[in-house]
Amino acid sequence: MYIILFIFLLLAILCLILFHFRKKKIIRRVCCMSPCEKSQLLDELTSPLGYHYDSEQDVFTSQLDAWQKSYGYGSIFDKAAPFFNMIFDCQPIYFDYDGKTWLIEFWKGQYGITTGSEIGVYHADTILTPGERKTAIFHAAEPEEYLPMTTELFYRGCPMARMSKSHWWLTIFSPGQFSKPEDLTLEISLRFPNFEMRNAFINALHQAGYQVEDINLSMYYMDVFFTFQSSSHHISWLARLHRCYVQWKNHLFCRLYRFVTRPFSLTCDKLLYLYYYLPFIFRRMLRLKRFKKRKR
């Protein structure tokens, strides 16, 4: 019995020594890589997942050809999000234009161990009734329908990142940071192709609860500026309880992530360290958004 216990302890000590030296080797490997090499490798790893690493701001954003585009979006996804460890404020804006019902939606909150925000542009094939809007799956905008947009995410008033691009789904994701949705503010600018679409969107903003003073317009362009601070959707006490539980888990795993990757401070270094040291955690971490739905 004592011999077996001694062998077990000896093997445990040997494993700890091996893991220690392996960890040191991986740290040196990451430190020896140039910033260009790090960004290139991280882009190669995350590109199939639909994301691009922005080295200047140390955040991730979505690609134009992200696989998520094929699945569109609908309110059912927002309702199911807490079951996939995503707790966010969302604001869908529905309006009719050019023979179609459009959905421009904003999100901000916690996506697992990632703080982030999104703007998505979608539309149906025809005009939908208000009742149909809640059950429809909207198609992502096509390239000729992309809107020039700018979004800046703030955490308790401090800027986190800013993105500006003509897109159908403009996002900001910062892994390893924990936030409550109410801690985040999203400043948004959208440029529309004409007055008709712009005015239809503005009217829908008013219907969603935005006041005249909440919306600013460009004097020379079709730009609309506003701030997304909170959503007005009613949440039952049971859903609130579940959201608290999910956020407790998210916070716990955020702290665990920061503890494991404590030799580094930048996101690219942390993720590459995980990629070499704990690849299964790296793959799980980068499921930043959108559970898959069967393609139509």
Side-chain angles (χ1 to χ4, degrees), residues 8-63 84-88 108-117 152-163 171-181 183-184 246-289:
F8 176 78
L9 291 174
L10 188 62
L11 289 174
I13 294 172
L14 182 61
C15 287
L16 287 174
I17 293 172
L18 290 175
F19 270 104
H20 174 76
F21 282 104
R22 180 171 176 265
K23 177 180 176 181
K24 293 294 184 182
K25 182 179 179 180
I26 291 173
I27 291 174
R28 287 196 299 271
R29 182 176 184 178
V30 174
C31 290
C32 289
M33 297 174 68
S34 68
C36 184
E37 289 174 328
K38 293 176 183 177
S39 296
Q40 183 177 357
L41 176 56
L42 204 51
D43 267 344
E44 290 176 1
L45 295 171
T46 58
S47 180
L49 303 173
Y51 302 101
H52 164 71
Y53 174 66
D54 185 331
S55 58
E56 293 184 0
Q57 302 186 83
D58 198 32
V59 296
F60 284 90
T61 189
S62 48
Q63 297 177 325
F84 295 84
N85 298 322
M86 294 183 287
I87 303 297
F88 48 60
K108 60 179 179 68
Q110 193 67 23
Y111 304 77
I113 65 168
T114 298
T115 286
S117 65
E152 187 167 8
L153 183 62
F154 294 82
Y155 174 76
R156 295 182 178 176
C158 299
M160 289 180 56
R162 184 178 187 273
M163 292 292 169
T171 63
I172 296 171
F173 291 118
S174 179
Q177 180 164 343
F178 177 79
S179 305
K180 299 177 181 178
D183 292 333
L184 302 172
V246 173
Q247 280 291 72
W248 174 80
K249 286 197 304 180
N250 289 340
H251 195 191
L252 178 65
F253 284 117
C254 268
R255 297 182 65 177
L256 182 60
Y257 164 79
R258 290 195 294 266
F259 175 78
V260 172
T261 61
R262 65 191 182 282
F264 299 100
S265 57
L266 293 178
T267 296
C268 63
D269 294 335
K270 289 175 177 287
L271 290 179
L272 290 177
Y273 171 70
L274 282 180
Y275 170 67
Y276 290 120
Y277 188 50
L278 299 169
F280 65 96
I281 294 181
F282 172 84
R283 289 192 296 270
R284 185 173 182 82
M285 247 206 67
L286 289 179
R287 297 173 185 175
L288 296 177
K289 181 70 174 86

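From a predicted model like this one, the values you see are computed outputs, not experimental measurements.
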*Kindly determine whether Tyr257 and Lys270 satisfy side-chain contact (heavy atoms from CB on, under 4.5 Å), including the steps that lead there.*
CA-CA 9 Å; Tyr257 164 79; Lys270 289 175 177 287; 3.2 Å; yes
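- Here the SG-CG distance, from Cys31 to Asp269, works out to 7.0 Å after rounding to the nearest 0.5 Å.
- Taking every heavy atom of both residues into account, Ala161 and Gln57 meet most closely at CA-OE1, 3.2 Å.
- Of the possible polar contacts, none joining the Asn85 side chain to the Asn250 backbone as a donor-acceptor pair under 3.5 Å is found.
- Contact record, Arg258 with Phe178: NH1-N, 4.3 Å, taken as the closest heavy-atom pair.
- Atom CG of Leu271 is separated from atom OG1 of Thr46 by 9.0 Å, given to the nearest 0.5 angstrom.
- For Tyr273, the OH atom counts as densely surrounded, since its 6.0 Å shell holds more than 12 non-hydrogen atoms of other residues, nucleotides or ligands.
- Going from atom CG of Leu49 over to atom CD of Gln63 covers 9.0 Å, rounded to the nearest 0.5 Å.
- Counting heavy atoms of neighbouring residues, nucleotides and ligands inside a 6.0 Å radius, atom CD of Glu56 does not exceed 12 of them.
- To the nearest 0.5 Å, atoms CG (Leu266) and CG (Asp58) are separated by 5.0 Å.
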*Passes side-chain contact (heavy atoms from CB on, under 4.5 Å), Ile27 versus Tyr277? Steps please.*
CA-CA 9 Å; Ile27 291 174; Tyr277 188 50; over 6 Å; no
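- With a 4.5 Å cut-off on side-chain heavy atoms, Leu45 and Leu41 count as touching.
- Under 3.5 Å, the side chains of Asp43 and Gln40 contain no donor-acceptor pair of N or O atoms.
- In this pair, Phe173 and Tyr111 present their aromatic rings perpendicular. The plane angle is above 60°, beyond the 30 to 60° band.
- Between the side chain of Lys108 and the backbone N or O of Leu184, at least one donor-acceptor pair lies under 3.5 Å.
- Of the possible polar contacts, none joining the Asp183 side chain to the Tyr155 backbone as a donor-acceptor pair under 3.5 Å is found.
- Annotation: side chain of Met163 is not in contact with side chain of Ser62 (no heavy-atom distance under 4.5 Å).
- Nearest heavy atom pair, residue Glu152 against residue Pro159, reads OE2-CB, 3.6 Å.
- Gln110 places a side-chain N or O within donor-acceptor distance of the main-chain N or O of Ser179, the cut-off being under 3.5 Å.
- Other residues, nucleotides and ligands contribute over 12 non-hydrogen atoms within 6.0 Å of the NZ atom of Lys38.
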*asked:* Checking Met160 against Ile172 for the side-chain contact (heavy atoms from CB on, under 4.5 Å) test, could you report, in this order, the C-alpha distance in whole Å, the side-chain angles of both residues, the deciding distance, and whether it holds?
replied: CA-CA 9 Å; Met160 289 180 56; Ile172 296 171; 5.6 Å; no
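- Leu272 contributes atom CG, which lies 9.0 Å from atom OG of Ser39 (distance to the nearest 0.5 angstrom).
- Distance alone, capped at 3.5 Å, is enough to place a donor-acceptor pair between the Arg262 side chain and the Phe259 backbone.
- For the atom pair NE2 (His52) and OG1 (Thr171), the distance works out to 10.5 Å, reported to the nearest 0.5 Å.
- Checked against the 6.0 Å centroid criterion, the rings of Tyr51 and Phe60 do not qualify as a close aromatic pair.
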*asked:* Test side-chain contact (heavy atoms from CB on, under 4.5 Å) on Phe88 and Ser117; report intermediate values, then the result.
replied: CA-CA 9 Å; Phe88 48 60; Ser117 65; over 6 Å; no
